[in-house]
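The model shown is predicted, which means the values in this text are computed figures rather than measured ones. No hydrogens, no waters, no symmetry mates; every other heavy atom, side chains included, goes into these values.
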Amino acid sequence: RTRMLPVLLSPQHDVAEAPAPGREEAALKLAASQAQARQATSLFDAAKHGTATAFATAEAFRKLRTNLVYMRVDEPARVLVVTSPKPGDGKSTVAANLAAAIAASGQPTVLVDGDLRRPTVATNMGVDDQLGVTDVLVGRLPLRDALQESEVPHLKVLAAGKIPPNPSELLGSKAMRGLIAELAEQAMVIIDAPPLLAVTDGALLTASADGAIVVISTGSTIDAELQTALDNLRVVQGEALGVVMNKASRRTMGGAYYYY
C-alpha cells in the first residue's frame, strides 16, 4: 500500500512561533529568491520574507527528507521522481523545495527538469533555459557543461533545454537512462516530472528511478484520479514511494497528516 508521507504544504500553516533560522531555512530562502513560477509563489514568497509559514514549510520538507531516508535504510534511493495526477497540484514546488532541503543537509543534489513539454525548473531556479536535458541526449553538450549552479550550496540544476518534438521517446530512451545513472553516481537526483494522467512521460521517468513521490491537492484531487495515477506507475513497474498532500493546513486536516 502506498504510504502517505507526513508533510503539510500550505501558505496557511498554524504555527505558534517561529524558531531561529538554521541552515535548511537559509537554503530554502535562497531557492525562494529565485522562484517566479505561479505554483511556487506562495511557499517561496513566505520563505523569502522569513515568516512563521516559512519555518513551518522548512520543517515540513525536513520531515519529508527524513522519511525518505528511513524508507530504504539498506538501499537508499538515489533517484526520485516528483509528479502528480494533474497540472496545478504543486509538484514543481515540492521538487524544488525537497531538492533544496536535501542539499542543505550537505548532500550533493541535482534538480532535473523532466518535463520536456512545459518546463518550469529553469524559471523557478533562475538559470539558463536554453541548455539542459535535450542538449545532452542529442549529443549537443556533455553533461558537465549542461549542469548549472544554483544559489543553494550543494544544489545543481539540469534544465530541460530546448523543447523537442518527441518528449516521450527521449525520456524513455537508453540515453536518458544513462544520463540519470551518471548523475546518480555523484549526487541525489530529484526529477520534476510531468503529471501522470496527461501523458506517459512521468511514468517512463519513474521506471528509470528508484521511485516516485506523488503530489496531490487537498480538496481537489479525487480518489479515482490518484488511483489511476498510481496504476500508471505500476504498468511500467515503477514504485510510488509515497503521497504528499499539498494545499492542506493542520487546522483543516487535524491529525490526518501523519502517515499510515
Side-chain angles (χ1 to χ4, degrees), residues 1-7 9 24 27-28 31 58-85 89-115 121 133 143 147 150 152-158 171-172 176-196 201-216 226 229-246 258-260:
R1 184 179 185 180
T2 302
R3 72 175 64 192
M4 192 73 69
L5 295 170
V7 58
L9 308 176
E24 281 91 350
L28 286 172
E59 177 62 22
F61 281 103
R62 277 196 295 266
K63 288 181 180 179
L64 178 57
R65 180 188 67 193
T66 300
N67 275 274
L68 291 171
V69 169
Y70 283 100
M71 191 175 293
R72 287 184 167 185
V73 176
D74 294 330
E75 296 182 13
R78 296 285 292 178
V79 182
L80 295 175
V81 166
V82 180
T83 184
S84 61
D89 287 324
K91 51 94 178 173
S92 294
T93 299
V94 173
N97 277 276
L98 177 59
I102 294 171
S105 71
Q107 182 172 359
T109 308
V110 178
L111 175 61
V112 179
D113 198 335
D115 192 337
V121 168
V133 172
L143 178 57
L147 285 169
S150 76
V152 179
H154 309 295
L155 176 60
K156 293 184 178 181
V157 177
L158 183 61
L171 294 174
M176 186 65 188
R177 293 192 293 273
L179 185 156
I180 292 172
E182 185 176 349
L183 287 173
E185 289 176 0
Q186 303 295 329
M188 182 76 176
V189 182
I190 305 297
I191 304 176
D192 182 355
L196 292 166
D201 302 5
L204 290 172
L205 285 168
T206 303
S208 300
D210 294 312
I213 296 171
V214 181
V215 181
I216 63 174
L226 175 58
L230 296 175
D231 288 343
N232 288 348
L233 294 179
R234 295 187 186 100
V235 167
V236 297
Q237 298 183 325
E239 181 179 359
L241 297 177
V243 175
V244 167
M245 298 184 69
N246 195 15
Y258 291 103
Y259 69 83
Y260 58 90

Applying side-chain contact (heavy atoms from CB on, under 4.5 Å), can you list everything that pairs with Ala207, at least two apart in sequence or on another chain?
Val236
Would you say that Met176 contacts Leu205 through its side chain, given a criterion of any heavy-atom pair below 4.5 Å between the two side chains?
yes
For residues Leu147 and Val157, determine if any side-chain heavy atom of one lies less than 4.5 Å from a side-chain heavy atom of the other.
no
At their closest point, which heavy atom of Ala212 faces which heavy atom of Leu233, and how far apart are they?
CB-CD1, 4.1 Å
Which value, rounded to the nearest 0.5 Å, describes the distance between Met245 atom CE and Asp89 atom CG?
11.5 Å
State the CG-CG distance between Leu158 and Leu143, to the nearest 0.5 angstrom.
6.5 Å
Does some side-chain heavy atom of Pro194 sit less than 4.5 Å from a side-chain heavy atom of Thr83?
no
Measure the CG-CZ distance between Leu98 and Phe61 for me, rounded to the nearest 0.5 Å.
7.0 Å
Determine whether more than 12 heavy atoms belonging to other residues, nucleotides or ligands lie under 6.0 Å from atom CD of Gln186.
no
Nearest 0.5 Å, what's the CG-CG distance between Leu68 and Leu80?
5.5 Å
For Ala193 and Gly202, the nearest pair of non-hydrogen atoms, with its separation, is CB-CA, 4.0 Å
I want to check something: taking the side chain as every heavy atom from C-beta on, are Val214 and Leu226 in contact at a cut-off of under 4.5 Å?
yes
Are Met188 and Val110 close enough that some pair of their side-chain heavy atoms sits under 4.5 Å apart?
no
Applying side-chain contact (heavy atoms from CB on, under 4.5 Å), name anything that partners Leu204, two or more places apart in sequence or on another chain.
Ser168, Thr200
Could I get the full list of salt bridge (Lys or Arg N to Asp or Glu O under 4.0 Å) partners for Asp201, not counting sequence neighbours?
Arg117
With heavy-atom distances below 4.5 Å as the criterion, would you say the side chains of Asp113 and Val133 are in contact?
no
Let me confirm one number: the CD1-CZ distance from Ile180 to Arg78, rounded to the nearest 0.5 Å.
13.5 Å
Return the set of residues passing side chain to side chain donor-acceptor pair (under 3.5 Å) with Asp115 (not counting sequence neighbours), or none when no residue passes.
none
With rounding to the nearest 0.5 Å, note down the distance linking CD1 in Ile216 to OG in Ser84.
10.5 Å
Not counting sequence neighbours, list each pair that qualifies as a side-chain hydrogen bond (donor to acceptor under 3.5 Å, both in side chains) and has a residue in residues 203-215.
none
Distance-minimising heavy-atom pair for Asp192 and Ala95:
CB-CB, 4.1 Å
With Glu182 via side chain to side chain donor-acceptor pair (under 3.5 Å) - residues at least two apart
none
Which residues pass the side-chain contact (heavy atoms from CB on, under 4.5 Å) test with Ala99, not counting sequence neighbours?
Thr109, Leu111, Leu155, Ile190
